[in-house]
Amino acid sequence: MTLPESSFRYGTAVLAATLLLVGCRQGEVRTYRTAKEPSDLFIVPRAAKPADVQAVAPAAAEWQVPANWSPQKATGMRLASFAFTDPTGAVADISVITFGGSGGDELANINRWRGQLSLAPIGAGDLPTQVEALSAQAGDFSVTDLVAEKAEQGKPLSRILGAWLRRGGKVWFFKAMGPKDVVGSQKDAFLTFLKSVRFAEAAAHESRGTAGANTNDLPKANSAGPDLSSLPTGSTLPGGAELKAASGSSLRWTAPGDWTIKAAGSMRKGSYSFGPGGVGDVSITAFPGDVGGPLANVNRWLGQVGLSSIEEGDLSQYTSHMEANGLEFFLADTGSKDALHPQRIMAAVVFWQGNSWFFKMTGPTELVAGAKPAFLEFLRSVKAP
Amino acid sequence: MKDLGKHLLGFFNSLRLTVVLLILSILLIFAATLDQVHLGIWGVQEKYFRSFLIYAPFRGTGLSIPIFPGGYLLAVLLLPNLVVAHFLRFRWSIKKSGIWLTHLGLILLLVGQGLSGMLQKDNQVRIDVGSSRRYSESFRETELAVIDVSNPDYDDVVAIPVALLQGKGQIQHPKLPFSIRPVAYYPNAQMRARSQMPSPLPSLATAGVGPEVAVEPAPVTYKTDEANFPAAYVELVAPEASLGTYLVSTMMVEPQAITYQGKTWHIVLRAERDYFPFSLTLKKFTHDIYPGTDIPKDFASTIQLKSDDGRDDREVRIFMNNPLRYGGRAFYQAGYSNNDRTSVLQVVSNPSWLVPYISCALIALGLAIEFGVHLIGFFRRRSPKPSKIPNP
């Protein structure tokens, strides 16, 4: 059968039209509504949630930090950061990072760390000699211990103790890096640290919190536990450093009755408003380590109300101390200098279980001054669970 | 109109078309086989077979132009070509019914494959023992989720496919009070802390965690045991001002928060999600091995299935070759990890899943008829015919 020319023309025209239709297909934006998701790292504080909402108790990572490791500021992608300093001043840096996905296979992980020590990559056949399994309560860790072959000029040989664990679609990396002997001295502590890692499994449960109670001090069965928010909400530290929220259990408190609970998004563990129009703000946050220390914190708050930084010697003009329920609070008050700076911040920091807990009241100068007694009363209600 | 129909019939009845299409198919398979070295099996399937046209970059312009018909286009042409030729050239008869049914089955099989390719979604669910999941995640597709988390009871999600982040156009949506301007997109990129880099390039990000992180673009991997980690810089633009440029990556597990107009929004780049109208809670996972070996004998998930409408709240057991079919999806036991504390289920949703079964039944029936007809004819020929007795 021969094909007439006109058939080809028609055929081609229909074809072109079909192609135009299918060719224009592009991904579409979808919208949907979902129930609140639990997260491994993130808990909305009970105090900030209306009562009787379905609370999904999340799986939080907890660990026991060896006593001789000091918590560090967890910057960038780090979830937690620690340092061990030996008597000579040499430091091993310990970090915890989590990534989505499988985080690369065993070989990729090993070779990435080998690369950091300027070691040649290995092949799959060498893996069994480089990776050991460590069975722990959180699951099976893959552990490796790598030592550099060449030292940088004037520096000791470097060593990496690394471990990773896959869990729930994520991979958790634990890494200690530093001079060979310093890291070596911490190997047992590192392995003990890994064994202490625990993901608190908790099924979804119904909250029966007291409606309107301005407290997070609810019975244990109903308390949502620690807020491990690692939401990077933008810098609050000098130099744009990012904060990761602390892990561990939560302090308890009772807020004054005339404070209103606000949604505690981002990194807050508690959030309240007070005063006319709710212009006064109280936030409760917690971060690992000392978050820069008193001077850095005070200077940050001074900066936030438009005042210039101070020197160490002037610190006592702005700060005081207070003790309540066995917790020692470091108090700071930016005070009020002039009409150009109508905002005032009163803040309290308590160092508890390796984390700095910040209780911060911000608002117009007069309002904050008036709310000072209530704020101090609020601080006196703060206690360990 | 009548003319158009006639011409189309003529076009598709053409043997010349068949030959051209078959030659193009051969060339396509040849090129795809060679390219498999670079793209891997999945990449080749997507580029060569699950496409209407194959594109190649046009040098110096940054544009991609179609250079060859893809598998779908060839199939779309070949199928009517075969169907029309079959109906116009072969005459129907009872004797030929077997052949007809077999061909019908084959055509249906082709159609089913095409439908599966376009409609089937392969996702996975990872559940830890004791926890619940109500969504599956795509193996390969990624989305930028912009989530309004202000309401304490629920989240409102606007999910933007990454295809839109690869373009230059500003993305607007009625549910978003700001628009999203794609700044840069990396199909695969590693993240490093900038503090650990000797001399990182300036960051494009101005807000969120981005300024602390250095992005190292990596080649796209097509290996089955490796994953790509897409990353993008997106600027959130409110009517009055920019809210900042954020770095998002599937390597970052936690979302980043933005507060705007009294609402808190989370943005996160994540595997594309498919939410179910039900929840799955992993009650128990068992993993048996053959005694004395590490060879898996059986692995099974005991799951509590609870539908949102309250109709179902029952325990189901998913194990090898015994999927749960529910809500238009099939859940297969695909794997396990984390010392048997995490179960991995493959979730296949394919509205056309019955088509291959029907096709195979038709083909089997057609072949049975065809062989039956021949067998009966064979026996008829062999049965002894009454011999003619010569008259004495």
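For clarity, every value in this text was computed on a predicted model and none was experimentally measured. What's counted below: heavy atoms across the whole structure, side chains too, no hydrogens, waters or symmetry copies. Chain identifiers are assigned alphabetically (A, B, ...) following the order of the sequence lines, protein sequences preceding nucleic acid strands; residue numbering begins at 1 within each chain.
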Among B/Leu144, B/Val158, B/Leu176, B/Val146, exactly one meets side-chain contact (heavy atoms from CB on, under 4.5 Å) together with A/Val29. Which residue is that?
B/Val158
Side chain to side chain contact (heavy atoms under 4.5 Å, CB included) partners for B/Ser51, two or more places apart:
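Per chain and number, B/Ser51 pairs via side chain to side chain contact (heavy atoms under 4.5 Å, CB included) with B/Ile54.
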Residues forming a side chain to side chain contact (heavy atoms under 4.5 Å, CB included) with A/Asn111, sequence neighbours excluded
A/Leu107, A/Arg114, A/Pro121, A/Ile122
What's the separation between atom CD1 in B/Ile147 and atom OG1 in A/Thr34, rounded to the nearest 0.5 Å?
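If we round to the nearest 0.5 Å, B/Ile147:CD1 and A/Thr34:OG1 are 7.0 Å apart.
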Rounded at 0.5 Å granularity, tell me how far OH in B/Tyr135 sits from OH in A/Tyr32.
9.5 Å
Looking at A/Glu132, I want to see if its CD is surrounded by more than 12 non-hydrogen atoms of other residues, nucleotides or ligands under 6.0 Å.
no
Taking side chain as C-beta onward, heavy atoms only, is B/Val157 less than 4.5 Å from A/Thr31?
no
Hey, which of B/Gln190, B/Glu141, B/His173 has the most heavy atom pairs under 4.5 Å with chain A?
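When all of B/Gln190, B/Glu141, B/His173 are compared, B/His173 has the most.
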Give the minimum heavy-atom separation between A/Arg30 and B/Arg273, together with the two atoms involved.
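The answer is NH2-O, 3.0 Å.
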Examine whether an atom of B/Asp148 lies under 4.5 Å from a heavy atom of chain A, and if so say whether it belongs to the side chain, the backbone or both; otherwise answer neither.
neither
